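Not measured: the values here are computed from a predicted model. The chain is numbered in sequence order, starting from 1.
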Amino acid sequence: MSLIKTVTLIARAILSNSERSSFILVKKRELLLYVQGLIKTESTEQLKTPLRQSAMNACMHLVQLNPPINEADTSELIKICLKSVFNLVPLGLDKYKEDGNLDMMARELLYTETITTLQSFLKQILLLDLSPGGLQAMFNHIEGWITSTKDYERERAMDITSKLLRFYLEELNVRNVVAFHNLGSLIGRLVPRCLDPLLTTQQMAMDCLYILLYIQLCYEGFDLDQKDELVEHLKTIRQQLDATNGGPVLFKACCEIAEVISKRLPHDQLSNLIFMLLNGLGDQHPSCASAAAIVMDIVIKRRGSGLRDQVSEILKVLQVQMHAITEKAVRLSVIHSIAILASQNMPAVLNCLLTYPLPLNKYTSDIWKSLAEDTSLATSTIKHLHIAFEPLAVTCALREILSKPESAEAVNKLYAQLFSSLIVHLSSCINVRVSKDLLCKPLPKEPNDSDQVTTAKSRDVCIYSVETLIAMLNQGENEEVVNYMKEKGGWDLMIDPHKYHKGVILLARAMAKYAAPHLVGIVEQLAPAILNIQENQKVTVAAFFGELLKHHVVSHLQLTFVLVSSLLRCLFYTPPVVRLLSIRGLGNVAIGVPHNIDKYGTKLLCAMIAVMDEKDDPNDFIMLEVMCCLTKLLQQLEPNTVRPVLIKIALGVQNFFETDNEKVRAAAYTVFGNLARFGDGHAKASFLEQIHLSLVSLLVHLNESGDEVVKACKLTLRLVVPLMGSESMSMNAHKYLMGDILNYGEFMKDTSKQLVKDFPDMINSYVTGCTLYFKRPQPEIRANAVMFSGFCPRHKHSTHSRCLPVLVSKFIEATVNTLFFQMVFAFFYLVKQNPWRAHG
């Protein structure tokens, strides 16, 4: 003790000397470490001797001497002094009563002197660096005690803090206007204590806020004698806290504190305040955590628009901090703050929220739900989500928003955007595959294409997306659509990668039936994007638009032109399945708008002709759809619309008479037959020529293994033969081709006779055409061709008679690996009709 007193006296003497600035205490650090060691030896629970007070007094004088103490040593010294005093058990507890060495009054005096010495020591340290940085460094040592679990430690810490701030304000001499750069972080640390369970701590916290704001005013150029009405209001609030028992009064007081802070805090300090308040949300005392949440909520409401650049970081900290929040009221307040922040900084908040991990945890889910509680905010949120590029994350977000009944008004306002986004996003979640019932042959595999169907995980995602769409429809008061899809199995189809397009078609059908008023907006949303979206999404739009064209309501809504134009754009440079669905949809025009189909007829027919000219359809499945489309259109169009392109269509379908695909072959014959309705008038001569060119193919394929082809040939012959102008042939076609059973031999015999009689100049062309079939792989086709040639009697002057030796040679060649007896029969029939040339 005597050494400490000696050191203190020496230090005082040096400090009193006018030449002290030139004096260097060489052993200063060693002396401080020695005194510091003495403080460590003192009990951290009981105050029994004045040693620590004397030691801190010595330190207070030593730190003023040269050389300056370094930052690390200063920090350690402050830490030891604070711990030595703040940990002391308050007077009056039982453990003090056990010690009779000092009476209570002496202890109280010693305690008061020790606290006073600690304050003087800390003030002296602060005086060495009277700047915002020095104040922050001092506060960093104290703030841990401010949040202590022990009431007396928090009280002592707040008492020291208020006195240091008062000292700072009194000693402050701002010559130049500078920034109090850490005001926000200091206020943010003190706000929770304004609702501390201990009333004295509350009061001192309020005092600290009061002083801090006046320090800020000094830095802004205010004189200490000036009073600020808004800051002075903190005194009134402090009095309210004195008299309160909690509840609404506390909440009101906290709100008023927040109003003062939000109006007096400089813009550049806003983010610092928010980040400190975020730390306070996890305070062990519910009232303190509530104070942080309330102040944050109101400050964000008043000033949140200035936090745009910090939104991402704020939400990241909150995402971590939410796990430490135990109070439900605090959690709800925080979520409400995020909703306010979103209303002010919508893109920044949503972009951050959309990066949160999936599936959403309860915290993130509650945030999205909070955005639905205000109609204006919900509407803005849905608008921004509509243009986001994270389909799955957007779907999950919308699912949470739509789960709130309050979202109904926003859904109705943005019905078209929302519906369009959801069906497009749904298609992004599923690995759409082309099924066998959609295409007549499988699509060729793309490189690295997997044979695996949708995994269980992706199936779950699809189910989630469908449920979101259902929620949207329910909120939009379209329960009929939901029920229709359920009854027809449409929702199950929409999660099946092989049948997804069927589900979309059913959905379009239901929308046309039960939600027609929304179709205009939906089409306006989808039409511009059809060529700028992913393949799966194009499948969705093509299937949806194509089905809509089947319904009369689309014509009433004047949507036909937009739908037709959109699908026409998809006929080229798009994936095969999109082209197929587009062609199928264009064919539906004949069903949906038959009364007005000629308005689009020329454009549609030219488009089909152009598609038939394409050479990139090795499996002919697109061509099959083209034939079906043409069949629908030709049954409804007027002759004047078709005749200008009649021959182009005829030439186009003739290219598919000999394709290996039975369905395409049959469809091509059917289209040719439907052209007969337009083959009179000025187009008659040209179309008659096409009939003669196609006749051999029709007759040869009339008797083959494919039932569909046979049926198509029968129908087509019945339709085109009357245009040939031969009454006998028309009667012959009616006689043989009406029933299900055909006597092919008799029919060919009679037909050949009539052809020779009525069209002698065409016989050579017919027979030459037959020879092209002599090497076909199908035996029945070869036999039919030989029979047709053999049944054609010869005029002795015909060109065919001169070619008889060549024809006989081809007959003999055709008998190899074919229907022997039928060929021989045809051969002898030919010889019988032309004995002189056969003998030669």
Side-chain angles (χ1 to χ4, degrees), residues 36 39-40 44 52-53 56 59-60 63 69 71-88 90 111-112 114-172 180-198 200-213 215-216 272-273 275-277 279-280 282-285 288 291-292:
Q36 186 174 297
I39 297 174
K40 283 183 179 182
T44 57
R52 79 186 75 206
Q53 183 236 340
M56 287 189 290
C59 290
M60 178 187 68
V63 295
I69 185 173
E71 184 177 344
D73 287 345
T74 302
S75 178
E76 182 65 19
L77 182 58
I78 295 173
K79 178 182 176 182
I80 291 171
C81 291
L82 288 175
K83 183 178 180 181
S84 178
V85 175
F86 284 176
N87 274 347
L88 291 173
Y111 175 78
T112 301
T114 303
I115 288 290
T116 302
T117 302
L118 174 63
Q119 293 172 359
S120 300
F121 165 68
L122 294 177
K123 289 177 182 178
Q124 188 58 56
I125 295 291
L126 183 59
L127 198 58
L128 296 176
D129 184 9
L130 200 65
S131 69
L135 182 62
Q136 182 69 58
M138 182 64 68
F139 192 82
N140 290 342
H141 290 288
I142 302 175
E143 65 174 330
W145 300 97
I146 289 177
T147 57
S148 170
T149 58
K150 298 175 181 179
D151 290 349
Y152 62 86
E153 290 181 351
R154 296 198 310 279
E155 185 180 22
R156 290 167 182 170
M158 287 305 307
D159 182 48
I160 288 286
T161 301
S162 63
K163 287 181 169 58
L164 288 175
L165 288 174
R166 178 72 64 182
F167 174 77
Y168 186 91
L169 177 62
E170 292 170 353
E171 295 295 326
L172 188 61
F180 190 15
H181 62 80
N182 50 352
L183 175 66
S185 59
L186 292 173
I187 290 178
R189 287 181 172 94
L190 293 172
V191 160
R193 302 275 68 81
C194 291
L195 260 63
D196 193 275
L198 198 63
T200 53
T201 303
Q202 286 184 16
Q203 294 170 348
M204 288 185 287
M206 291 296 299
D207 292 340
C208 290
L209 289 181
Y210 177 87
I211 298 168
L212 277 171
L213 289 177
I215 291 173
Q216 170 61 29
N272 291 339
L273 171 67
F275 285 118
M276 289 302 104
L277 290 175
N279 291 333
D283 196 283
Q284 59 184 323
H285 298 108
C288 297

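Applying the salt bridge (charged side-chain N to carboxylate O under 4.0 Å, His left out) rule to Asp129 yields no partners; only residues at least two apart in sequence or on another chain are considered. Listed by chain and residue number, Tyr214 satisfy the ring-ring contact (aromatic ring centres under 6.0 Å, His included) test with Tyr210 (two or more places apart in sequence, or in another chain). Scanning for side-chain hydrogen bond (donor to acceptor under 3.5 Å, both in side chains) contacts around Lys163 gives Asp159, with sequence neighbours left out.
With no hydrogens or angles considered, a side-chain donor-acceptor pair links Gln136 and Asn182 at under 3.5 Å. If you check the side chains of Thr201 and Glu155, you find no donor sitting under 3.5 Å from an acceptor. For the 3.5 Å distance criterion, the side chains of Asp207 and Gln203 fail to qualify, holding no donor opposite an acceptor.
In this structure, Gln284 contributes its side chain and Thr147 its backbone to a donor-acceptor pair below 3.5 Å. Judged by distance alone, with hydrogens and angles left aside, the side-chain atoms of Arg156 form no donor-acceptor pair with the main-chain N or O of Ile115 at under 3.5 Å. In terms of modelled atom types and a separation under 3.5 Å, the side chain of Thr116 and the main chain of Thr112 share a donor-acceptor contact. Under the 3.5 Å distance criterion, the side-chain polar atoms of Arg154 are matched with a main-chain donor or acceptor of Ser148. Looking only at distances, a side-chain donor or acceptor of Thr161 sits under 3.5 Å from a matching main-chain atom of Ala157. Panel note: side chain Arg52, backbone Val85; no donor-acceptor pair is recorded below 3.5 Å.
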Q | Test side chain to side chain contact (heavy atoms under 4.5 Å, CB included) applied to Phe121 and Cys81, step by step | A | CA-CA 9 Å; Phe121 165 68; Cys81 291; 3.8 Å; yes

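Residues Ile146 and Arg189 form no side-chain contact, since every pair of their non-hydrogen atoms from C-beta on lies 4.5 Å or further apart. By the 4.5 Å heavy-atom criterion applied to side chains, Phe139 and Leu126 are not counted as neighbours. The side-chain heavy atoms of Leu135 and Leu130, taken from C-beta on, include no pair separated by under 4.5 Å. With contacts defined as side-chain heavy-atom distances shorter than 4.5 Å, the pair Arg193/Asp283 qualifies. Using a 4.5 Å cut-off on side-chain heavy atoms (C-beta onward), Pro197 and Cys288 make contact.
Between Met138 and Leu122, the closest heavy-atom pair is CE-O, 3.4 Å. Nearest heavy-atom pair, Met158 versus Ala205, reported as atom, atom and distance to 0.1 Å: CE-CA, 3.4 Å.
When the shell of 6.0 Å around NZ of Lys123 is examined, it contains more than 12 heavy atoms from other residues, nucleotides or ligands.
The aromatic rings of Phe180 and Tyr168 lie parallel to each other, with less than 30° between the two planes, well short of the 60° mark.
From Leu277, atom CG reaches atom CG of Asn272 across 11.0 Å, with rounding to the nearest 0.5 Å.
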